[in-house]
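Notes follow once the structure below has been shown.
Keep in mind it's a predicted model, so treat the numbers as computed, not measured. Remember, it's 1-based here, ligands and their atoms both numbered in the order they're listed.
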Amino acid sequence: MTVPFRFIHAADLHLDSPFKGLAKAPDPVRSLLAESTFAALRQLTDTAIRGQADFIVLSGDLFDEADRSLKAQLLLVREWERLEAHGVAVFVIHGNHDPLNGARADVKLPQNVYVFGSDQMECKPAYRRSGELAAFVYGRSYGTRIVTENMAAAYRTQPEGPFHIALLHGNVDGDGMHDPYAPCSIEELAGGKGFDYWALGHIHSRRVLHEYPHVVYSGNTQGRNPRETGAKGCYIVDVTASRSLKLTFAPLDTVRWLSHAASIETAGSEQELLQQLMSAAEQLAEAAEGRSVMLRLRLTGRGPLHRQLSDPIIVRTLLEQLQQASSENEPWVFVYDLTVQTGAAISWETLEEEDSFAGELYRLSAGLKADEALWREFAKEAVSPLIQHAKLGRILREEFDGLPARWLEQANELSLGMIGGESDEADKS
Ligand SMILES: [Mn+2]
């Protein structure tokens with residue numbers, strides 16, 4: 001038996017992230033993004049106070065830079081003081097973005113905050129706000145930016161603890177998208193080490209890797225780039241007297257990054273497509289529940305507009321129109337990118353039988369597709385007149401064996417799309 005309690009697990013706050021590459025975005029977009037990591041921090045405090053959490057664990061990368069910005073440090077302390085006033089303790093480890101050897105101002109932390117050192121794993125008791133012992137919290141910070149040893153290997157539980165929460169900033173099971181810091185395996189964490197909850201940081205997408213014992217990445221608190229899509233926030237963890245756990249995700253983000261695929265199938269004109277995209281953006285904004293949205297739109301599918309969309313001026317104009325329609329009032333939707341992945345409205349079945357140039361081209365490419373050596377030879381021959389060209393020649397003299405196979409598919413799509421467009425024009429005249 002243990003006393004029931006509630007804690008919050010968050011990680012990777014990356015306070016004061018710079019949001020590079022948005023020089024062309026309008027001012028309201030850039031300023032809301034610049035403040036978004038701080039807004040998420042305030043939301044975290046509010047969530048803890050409103051939800052009457054007993055304590056918070058933060059699993060590394062609180063700051064974006066090892067040399068912490070003064071603003072980030074001061075705002076963090078202000079939020080921690082708010083938590084102190086409500087009797088909420090905070091347990092912190094630092095990660096690869098904010099190791100303990102980074103430069104910082106001489107900022108005094110309030111009494112309710114404990115920052116784990118980097119020499120070895122330490123253990124601290126965590127109490128309910130009413131005073132009873134709830135759990136033991138274990139952690140170890142990064143001393144320097146790069147930690148390639150398995151930190152978890154040296155984690156040990158203290159026998160008298162009622163519930164064991166381990167804070168670890170690291171890469172479980174070698175996620176190739178993230179640096180291989182403090183590597184360890186899920187078997188190791190979920191196996192007989194005796195911890196009840198591994199509060200992980202480092203991987204920015206939210207994942208529950210195991211239950212009983214729980215091995216959990218809370219993900220970061222605010223998306224920071226096009227790869228970090230969807231809701232971002234923290235887990236509220238309720239532990240009952242019988243030691244069963246309930247995890248509730250609480251979103252903390254103020255700006256949400258989304259990627260949306262829109263088919264061009266039913267759009268008969270550019271104007272119609274623009275209308276469809278605008279209403280798609282509106283729906284996504286509604287689903288974001290009052291948050292602003294950074295939106296990438298991907299045009300997909302086959303349709304009559306395919307040929308027009310191969311013109312970059314048309315795509316840019318559509319994007320400008322979408323951008324003008326948004327980002328004026330908060331919450332805004334800012335379409336930062338419009339990607340075209342469409343195909344021509346071609347009926348492959350008809351083409352296969354068709355007695356036409358397009359039909360012949362289709363049959364040729366179908367034949368080449370079936371024989372890889374043949375299409376590479378064909379490609380080589382097709383570009384041979386360009387070999388004499390000063391710059392192109394250098395590229396073309398390279399190995400043809402290394403050409404990606406999708407090029408054949410793309411060439412097929414492109415050439416048939418162009419021919420299809422021409423015959424459309426002919427029909428109209
Ligand atoms: Mn991080």
Side-chain angles (χ1 to χ4, degrees), residues 8-21 33-41 43-44 56-69 71-73 75-76 79 90-104 115-116 118 139-152 166-184 189 198-209 215-235 249-257 294:
I8 288 181
H9 167 201
D12 298 281
L13 285 69
H14 286 266
L15 294 173
D16 223 355
S17 285
F19 292 95
K20 292 177 194 135
L33 277 170
E35 283 303 311
S36 63
T37 52
F38 297 114
L41 171 68
Q43 292 278 352
L44 175 64
I56 298 179
V57 300
L58 299 176
S59 303
D61 285 2
L62 281 66
F63 301 98
D64 191 58
E65 291 288 337
D67 297 338
R68 289 134 219 225
S69 82
K71 180 181 174 184
Q73 291 175 75
L75 290 184
L76 192 56
E79 293 306 309
V90 184
F91 298 90
V92 177
I93 57 170
H94 286 284
N96 56 301
H97 272 265
D98 59 352
L100 289 178
N101 72 348
R104 71 190 90 172
V115 178
F116 289 94
S118 62
R140 184 182 165 195
S141 289
Y142 282 40
T144 54
R145 189 174 181 87
I146 295 170
V147 173
T148 51
E149 66 164 296
N150 177 347
M151 285 177 122
L167 275 57
L168 180 73
H169 191 83
N171 195 328
V172 176
D173 277 353
D175 184 309
M177 298 289 285
H178 288 76
D179 291 321
Y181 298 152
C184 58
L189 303 189
W198 286 89
L200 304 175
H202 186 49
I203 308 266
H204 288 185
S205 61
R206 189 167 68 250
R207 310 173 184 176
V208 177
L209 299 178
V215 181
V216 179
Y217 280 109
S218 62
N220 54 347
T221 49
Q222 163 64 53
R224 292 152 57 247
N225 60 53
R227 291 186 308 280
E228 298 182 347
T229 52
K232 297 284 177 180
C234 64
Y235 273 119
F249 172 70
L252 303 173
D253 49 352
T254 48
V255 182
R256 192 161 290 175
W257 295 74
M294 289 293 281

*Give a yes or no on whether a salt bridge exists between R140 and E149, defined as a side-chain N under 4.0 angstrom from a carboxylate O.*
yes
*May I ask you to say whether K71 pairs ionically with E35, meaning some side-chain N is under 4.0 Å from a carboxylate O?*
yes
*asked:* Does R224 form a salt bridge (charged side-chain N to carboxylate O under 4.0 Å, His left out) with D64? I'd like the steps, not just the answer.
replied: CA-CA 11 Å; R224 292 152 57 247; D64 191 58; 3.3 Å; yes
*Pick from H94, H202, H204: which one makes a ring-ring contact (aromatic ring centres under 6.0 Å, His included) with H169?*
H202
*Is the CZ atom of R207 crowded by more than 12 outside heavy atoms at less than 6.0 Å?*
yes
*asked:* Using a strict cut-off of 2.8 Å, how many protein N/O/S atoms surround the Mn ion (ligand 1)?
replied: 4
_Can you list everything that forms a side chain to side chain donor-acceptor pair (under 3.5 Å) with N225? Sequence neighbours excluded, please._
none
